[in-house]
Amino acid sequence: MIGRRLRLGVRARSLTTAAVWRGDLAGAAETIAATPRKTTADYNRLLAGYARAPGGRLTGARHLFGRIPHPDVVSYNTLLSCHFAAGDVRGARELFSAMPGRDVASWNTMVSGLSRNGAVDEASALFLAMPARNSVSWNAMVSGFASAGDMGMAEDCFRDAPHKEDPVLWTAMVSGYMDAGHVDKATEFFQGMPVRNLVSWNAMVAGYVKNSRADDALKVFKTIVRDADVRPNESTLSSVLLGCSNLSALGFGRQVHQWCTKLPLSRRITVGTSLVSMYCKCGDLEGACKLFGEMRTRDVIAWNAMISGYAQHGHGQEAIKLFEKMKALGVKPNWITFVVVLTACIHTGFCDFGIQCFETMQEIYGVEPRADHYSCMVDLLCRAGLLERAVCLISSMPFEPHPSAYGTLLAACRVYKNLEFAEFAAGKLIQQNPQSAGAYVQLANIYAVANQWDDVSRVRRWMKDNAVVKTPGYSWIEIKGMIHEFRSNDRLHPQLRFIHERLDRLEERMKAMGYVPDLDFVLHDVDESLKVQMLMRHSEKLAIAFGLISTAPGLTLRIFKNLRVCGDCHNAAKLISKIEDREIILRDTTRFHHFKGGHCSCGDYW
């Protein structure tokens, strides 16, 4: 009989542990309730589940803690974690003070929790007051300083730490320096690590991507797969796929996808979502749709990624259909869902539907409009030519308008030639960030189109006085796994002679089809013939011509640009797609343009 009770108890504990790891707290609670002789350890297992749940599930955790007949130090430590997970720092302090006994884990939980919640000075004082410290204590304090951006104190603490072989300690320094933008220092610490684990490698991949060095992130990933004694996990794949998206490296992204299919983690929602997002951002919408359809389960993040993909590629109707399908399947939209739906409306001109979504999102779905939603609405109104209404919306925002709202208004002023609103928007942008080149350049462009060259010169002097550096525009294309980058009037590419020859022949054929160069997109006061020549050497056209001479006839070209595509290049790309009988997919900072048979997917609404 005693043996049978023991077996039942062991089984109940195994079931409880399994339910907690699945996140099934209700199932774990039922198992414990059915256990005849509960121990404090049984309650602690369920309490640990609350600590791991999003937000710490503090109310449920406190209720459970109150039912434990004899809570031990583990019970208190776990409840401490719940307070910090819920952001209840005050409650954690009170609980820590009231604890009948503390061990080193109690102090570590306080140091780590205070650091994560921004109270680094208090965490440091507590760390110094600890009666005893272990490696976790030092790791928590170094991580706390690093998270707060105080790398000087982090490095001092790192040097004093007695357990230098711990990879967690080194990884905290790598992540801290990456977050601070000191990539070389992070690399130095990584290379000096006596032992590395997967988290260390992930910190390098994510750090490189965050610091706009995605090519280095891809190299590190190759090393992990080829040489490292670790196997990539979901975090690794999410970072490297984001790197592929930033580089528009579709070929490498496909290789990662192929590699993923050999592993069980390919069925994880986060990996599937990262792959969908990568395919969308690298211009392969068809591949994204296929993968999305094959996903066994989809959360709201996966739906958002696919809706966003349709929106960025100009398929607004499909984006809205998917939004309606998502709701019909019982998936509740979040604030990001409405950003991507409004983006779909922006790119396809569904002004009325966009306004309806914006006005009902809080009432029906409980989603309070944020700055991103207001910025989308400003964009929607501006593209519809409702500039005055957009200005009224900016003025009525319940918070400081995001710079993107003024940037959208300024861009629209160029299209609708509204100098008054342009000067208003540029003034606000420069006031918010005097070092941002975008506002100066846009305003100078608007003056140039109006032939107000004195004002153009004045803006350029203004930029010089404020030491503003303009971000150079460039376009790139991936050919056989290699990225080829072009700037306007490029003089460096080894095949420039062949590129220019192809462009000259294309120019003749385009003019025969009625092409007239749009000189408004040459922002220099020079002779007209020189303006035409400058237009034909824009980076988008150079990349397209290089793609034509480097690939087999009929293959789709994928071009990417770091700024918005120029209007003349947009017109030229339509004609080139017809002349060459090719699809040309061009991604700029706002959307994808699919050129085919002389038409663009944007319907010239961009």
Side-chain angles (χ1 to χ4, degrees), residues 84 87 89 108 111-128 135-161 163-221 223-224 228 230 233 235-247 402-403 432-438 467-469 471 562:
F84 281 122
V89 177
N108 288 343
V111 170
S112 179
L114 289 168
S115 298
R116 286 199 310 271
N117 283 274
V120 181
D121 291 340
E122 186 179 350
S124 178
L126 208 62
F127 174 79
L128 294 173
S135 61
V136 177
S137 317
W138 290 94
N139 294 344
M141 200 61 253
V142 170
S143 297
F145 285 128
S147 298
D150 190 345
M151 292 310 298
M153 287 298 294
E155 196 154 344
D156 288 344
C157 193
F158 173 86
R159 280 196 295 267
D160 292 340
H163 310 285
K164 288 292 195 302
E165 72 285 353
D166 192 337
V168 177
L169 189 72
W170 289 80
T171 303
M173 295 300 295
V174 171
S175 297
Y177 275 121
M178 282 295 193
D179 289 342
H182 301 307
V183 179
D184 291 340
K185 284 287 287 184
T187 305
E188 180 186 322
F189 268 90
F190 180 76
Q191 291 173 345
M193 290 181 73
V195 181
R196 297 175 187 138
N197 59 17
L198 179 57
V199 180
S200 316
W201 288 97
N202 286 351
M204 287 301 291
V205 176
Y208 275 134
V209 172
K210 182 176 182 178
N211 285 280
S212 303
R213 287 175 55 173
D215 50 345
D216 288 319
L218 270 53
K219 290 174 186 173
V220 173
F221 179 76
T223 304
I224 296 173
V230 293
N233 63 4
S235 178
T236 326
L237 294 171
S238 294
S239 294
V240 77
L241 289 168
L242 179 57
C244 291
S245 300
N246 293 349
L247 287 174
H402 191 273
Q432 286 182 334
N433 185 0
Q435 298 304 308
S436 176
V468 177
V469 179
T471 302
N562 70 323

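S115 and M141 get closest at one heavy-atom pair: OG-CE, 4.3 Å. The minimum heavy-atom distance between A146 and G176, with the atom names listed, is CB-CA, 3.8 Å. When all heavy atoms of S239 and A206 are compared, the closest pair comes out as OG-CB, 3.5 Å. In terms of heavy atoms, H163 sits closest to L169 at O-CD2, 3.8 Å. The minimum heavy-atom distance between A437 and T471, with the atom names listed, is CB-N, 4.4 Å.
The salt bridge (charged side-chain N to carboxylate O under 4.0 Å, His left out) test applied to D121 returns no partner, not counting sequence neighbours. Not a single side-chain hydrogen bond (donor to acceptor under 3.5 Å, both in side chains) links D150 to another residue, sequence neighbours left out.
Results of the ring-ring contact (aromatic ring centres under 6.0 Å, His included) test with W170 over W138, F190, F158 single out F158 as the only residue that passes. Checked against V209 for a side-chain contact (heavy atoms from CB on, under 4.5 Å), the options L247, D216, V240, N246 give a single hit: N246.
Rounding to the nearest 0.5 angstrom, the gap separating the OG atom in S143 from the CZ atom in R116 is 10.0 Å. Annotation: the span from L237 atom CG to L242 atom CG amounts to 12.5 Å, rounded to 0.5 Å. Between D179 atom CG and S175 atom OG the span is 6.5 Å, to the nearest 0.5 Å. To the nearest 0.5 Å, the span separating NE2 on H182 from OG1 on T187 amounts to 12.5 Å. Taken to the nearest 0.5 Å, the CZ atom of F84 stands 4.0 Å off from the CG atom of L114.
Listed by first and then second residue, the side chain to side chain donor-acceptor pair (under 3.5 Å) pairs involving residues 195-207 are T171-S200, N197-S200, N202-N233, N202-T236 (not counting sequence neighbours).
Distance alone, capped at 3.5 Å, places no donor-acceptor pair between the S124 side chain and the V120 backbone. In terms of modelled atom types and a separation under 3.5 Å, the side chain of K164 and the main chain of R159 share a donor-acceptor contact.
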Practice prompt. Begin with the C-alpha distance, continue with both residues' side-chain angles, and end with the deciding distance and a verdict on side-chain contact (heavy atoms from CB on, under 4.5 Å) for M178 and M204.
Written response: CA-CA 8 Å; M178 282 295 193; M204 287 301 291; 3.8 Å; yes
